[in-house]
Protein chains: 2
Amino acid sequence: MATIRDVAKLAGVSVSTISRYLNKSGYVNSETEQNIKAAIDKLKYEPSVVARGLAGKQTNTIALILPDISNLFFSDLARAVEDVASTYGYTVIFCNTDDQGGKERNYIEVLKKKYIDGFIFASNTLTHEDTEALHKRSIPYVCLDRGPSDELSSVVRSKNLEGAKMAVLHLLEMGYTKIAHIHGPQHSITAKDRLAGYEESVRGFAWYSPTLMEAGDFRMASGMKAAEELLRRHPDIDAIFAGNDLMAIGALKVLHRMGIKVGEQVGVCGFDGIQTTEITEPELTTIAQPIYDMGALITRILIKKIEGSLVEDQIYELDVSLMARASTYRRR
Amino acid sequence: MATIRDVAKLAGVSVSTISRYLNKSGYVNSETEQNIKAAIDKLKYEPSVVARGLAGKQTNTIALILPDISNLFFSDLARAVEDVASTYGYTVIFCNTDDQGGKERNYIEVLKKKYIDGFIFASNTLTHEDTEALHKRSIPYVCLDRGPSDELSSVVRSKNLEGAKMAVLHLLEMGYTKIAHIHGPQHSITAKDRLAGYEESVRGFAWYSPTLMEAGDFRMASGMKAAEELLRRHPDIDAIFAGNDLMAIGALKVLHRMGIKVGEQVGVCGFDGIQTTEITEPELTTIAQPIYDMGALITRILIKKIEGSLVEDQIYELDVSLMARASTYRRR
DNA sequence: CCCAGTTATGGTACCGGTTCCACACTGAAT
DNA sequence: ATTCAGTGTGGAACCGGTACCATAACTGGG
């Protein structure tokens, strides 16, 4: 491997000049420039990112911290992050935390030793202490859905409350008359907002009851359990709005097993818009978050922060959209 | 940030001694050791991975090159890779190639400048030229499914041919009598092997015909198209074996739309064992690859190669298993 | 004619580690 | 007493860049 000194020697100039040429910082005569170009070509010289990292404190690497890459939502997100990052010349490291604060903290520890340029947090366990180490070294970070408690940071999320209201409204419009809700874990602000949206929308109805709400953990199995429980408690419900798609799919499964026709008899609506919603039978109505856009946006914000174009920290709320499909189509 | 020299000063020894202590290379008096420990604690010293990388040519980072992280199969795989890598102290960079050789080559170029310790290739486009650059710098790499053409390398794959035979056998045992096949793109050795397994198993039957095979591209939409075509051509087929789960799900969808009862009238079997197969209705019978194990194994092999415990390059073929489910259950 | 600003380039300390070599000391074998 | 292996430590070059500072030649304005 050729080094910058080899190039300098061959081009007959000093290393400083090469460095200036490479970084387009400072003056370089156009003739000299040609010589340097030739030398670089000849030696197939490629600057070492590591040496640059050591000298200049930039590694062009960002870390993506998420609960589980094999979760459909996050793999879609990761795709967007990597796409954007690579167009800006950054590479992406990913870390699975399983929503365990300990793992997350551990990753932060390991990665800050690596001079990572910035972090994207898509997990829900971030605390103030976690970010302290980042602040100390002024490593920029951005968050999905929610930032660390009591602290301002750039956050991208979607309109969860509004989306939940859209879901309920849609179900009502389709002629369903008693709507239950399976909500996610309440430490998640996302789940909270969606629950709030549901509650605000249905509180006024005569059939409203707190027992129409049942908790899940955002995974399919919990959706099944919750749906069973709800149907046992209220055999007359004719629609279920789930806090995310996976739980909605669980509900779908349960209804199917009970011989209940989804759509016609009981409507089901999810939230997230993961690709799998098109695979179910019937296809699942859902409130789609612009997952790809969210990932792309949060990455662009992070890179801006890294490169110093001052962006004020703020919360970006993206629009959600109703994907009306067969699982909420009630033939009359 | 404290540096190694700060620690040396505080502990009253030289940097060499600190380095020896940190790497457990060479002698360090046990008393000195205590002092060093204390100094490190006090200064909260953490060695810089970047400086280490520059000096010692090790970054503890591996790259995972795959077609698309948002593809269910690869996100499961990525999870396994990261799990194993992190227990060995490595971080994982991932890159989406969309099966385009150009993107792949580009990533190799970028990453080798970063002193990546090793590569895992899970894409199908790897050529001899691609790996040349890696050879030159003796950067180890391993492959999933297939290595670069005409070259030995460590490869982990599953028993595709055998699995295809299992699928056909299972369908026959369940009482299906005319089995079609949707195969993947033939540049993929995986798809080829599965097709071969199918053909070998059915060639002896009277109903066998080359027109019972139709091509797809491993994605759902192509499975739908292929299924339609097959049913048009042979309205009497009563089973479809697809070269992967996503195409099988496509077939499922088509059959459903045509009002054909999957399982009872027409059996469908996939291949891969992605989680989504449990979400479909009916649940999809599939030949499950041990995706997680494959990812874990390939990562362990790579790390062994990186750390120099000479492993001979070889091909590891893992067992597949039949997951018999409702999509191939024929009530009689 | 002098001084200041622009253009062009070189020298070198520095980033934070690793590693090789030199040196000193100990105790046992020759 | 001499040699030698094992133990323990320090000095300094080196990895491959960046960036600051110095130097110098060449403008043009006062």
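Each chain gets a letter, A, B and so on, in the order its sequence line appears, and its residues count up from 1.
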Inset, instruction - Please lay out, stage by stage, how Asp293(A) and Arg300(A) fare under the test salt bridge (Lys or Arg N to Asp or Glu O under 4.0 Å). - result: CA-CA 10 Å; Asp293(A) 294 342; Arg300(A) 269 193 215 100; over 6 Å; no
For [X], answer base if it contacts any base atom (sugar-phosphate contacts may also be present), sugar-phosphate if it contacts only those atoms, and nothing otherwise; contact means non-hydrogen atoms under 4.0 Å.
| X | answer |
| --- | --- |
| Thr32(B) | sugar-phosphate |
| Glu46(A) | sugar-phosphate |
| Val49(B) | nothing |
| Val28(B) | sugar-phosphate |
| Glu33(B) | nothing |
| Ser48(B) | sugar-phosphate |
| Tyr45(B) | sugar-phosphate |

Return the value, rounded to whole Å, for the distance between atom [atom1] of [X] and atom [atom2] of [N].
| X | N | atom1 | atom2 | value |
| --- | --- | --- | --- | --- |
| Ile18(B) | dG11(D) | CD1 | P | 13 Å |
| Leu54(A) | dG16(D) | CG | P | 12 Å |
| Gln58(A) | dG16(D) | CD | C1' | 17 Å |
| Lys24(B) | dT19(C) | NZ | P | 15 Å |
| Asp6(A) | dC14(D) | CG | C1' | 14 Å |
| Glu31(B) | dT9(D) | CD | C1' | 14 Å |
| Lys9(B) | dG10(D) | NZ | P | 14 Å |
| Leu22(B) | dT19(C) | CG | P | 12 Å |

Inset, instruction - Would you indicate whether the side-chain heavy atoms of Ile108(A) and Leu134(A) approach each other to under 4.5 Å? - result: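 Counting from C-beta outward, Leu134(A) and Ile108(A) do come under 4.5 Å.
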Inset, instruction - Using a 4.5 Å cut-off on heavy atoms from C-beta on, say whether the side chain of Val13(A) contacts that of Asn35(A). - result: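 A side-chain contact under 4.5 Å is absent here.
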Inset, instruction - Verify whether one side chain among Ser19(A) and Ser16(A) offers a donor that lies under 3.5 Å from an acceptor in the other. - result: no
Legend entry - Polar contact flag, side-chain donor to acceptor under 3.5 angstrom, Thr61(A)-Lys114(A):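 No - no donor-acceptor pair under 3.5 Å links their side chains.
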Inset, instruction - Output the single nucleotide from dA8(C), dT19(C), dG17(C) whose closest atom is nearest the side chain of Ile4(B). - result: dG17(C)
Legend entry - Closest to side chain of Ser16(A), choosing from dG17(D), dG8(D), dC20(D):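 Output: dC20(D).
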Inset, instruction - Could you say whether Tyr27(B) or Tyr115(B) is positioned toward the 5' end of DNA chain D, judged by the nucleotide with the nearest heavy atom to each? - result: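 By nearest-heavy-atom nucleotide position, the 5'-most residue is Tyr27(B).
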Inset, instruction - Take Ala55(B) and Gly26(B), find for each the nucleotide of DNA chain D with the closest heavy atom, and name the residue whose nucleotide sits nearer the 5' end. - result: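 Residue closer to the 5' terminus by nearest nucleotide: Gly26(B).
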Inset, instruction - Return the 5'-most residue of the pair Gly12(A), Thr3(B) with respect to DNA chain C, ranking by each residue's nearest nucleotide. - result: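 This one resolves to Gly12(A).
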Inset, instruction - Tell me which of Ser30(A) and Val15(A) sits closer to the 5' end of DNA chain C, going by the nucleotide each one is nearest to. - result: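 The residue closer to the strand's 5' end, by nearest nucleotide, is Ser30(A).
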Legend entry - Check: dG16(D) base within 3.5 Å donor-acceptor of Arg52(A) side chain: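 Result: no qualifying N/O pair found.
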Inset, instruction - Report yes if a donor N or O on one partner sits less than 3.5 Å from an acceptor N or O on the other, where the partners are the side chain of Arg20(B) and the base of dG8(D); otherwise report no. - result: no
When you measure from the side-chain N and O atoms of [X] to the phosphate of [N], is any distance below 4.0 Å, counting only OP1 and OP2?
| X | N | value |
| --- | --- | --- |
| Thr17(B) | dG10(D) | yes |
| Asn29(A) | dT7(C) | no |
| Ser14(A) | dG11(C) | no |

Legend entry - Minimum heavy-atom distance Thr125(A)-Asp99(A), with the two atoms named: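 Between these two residues, the closest heavy atoms are CG2-O, 3.2 Å.
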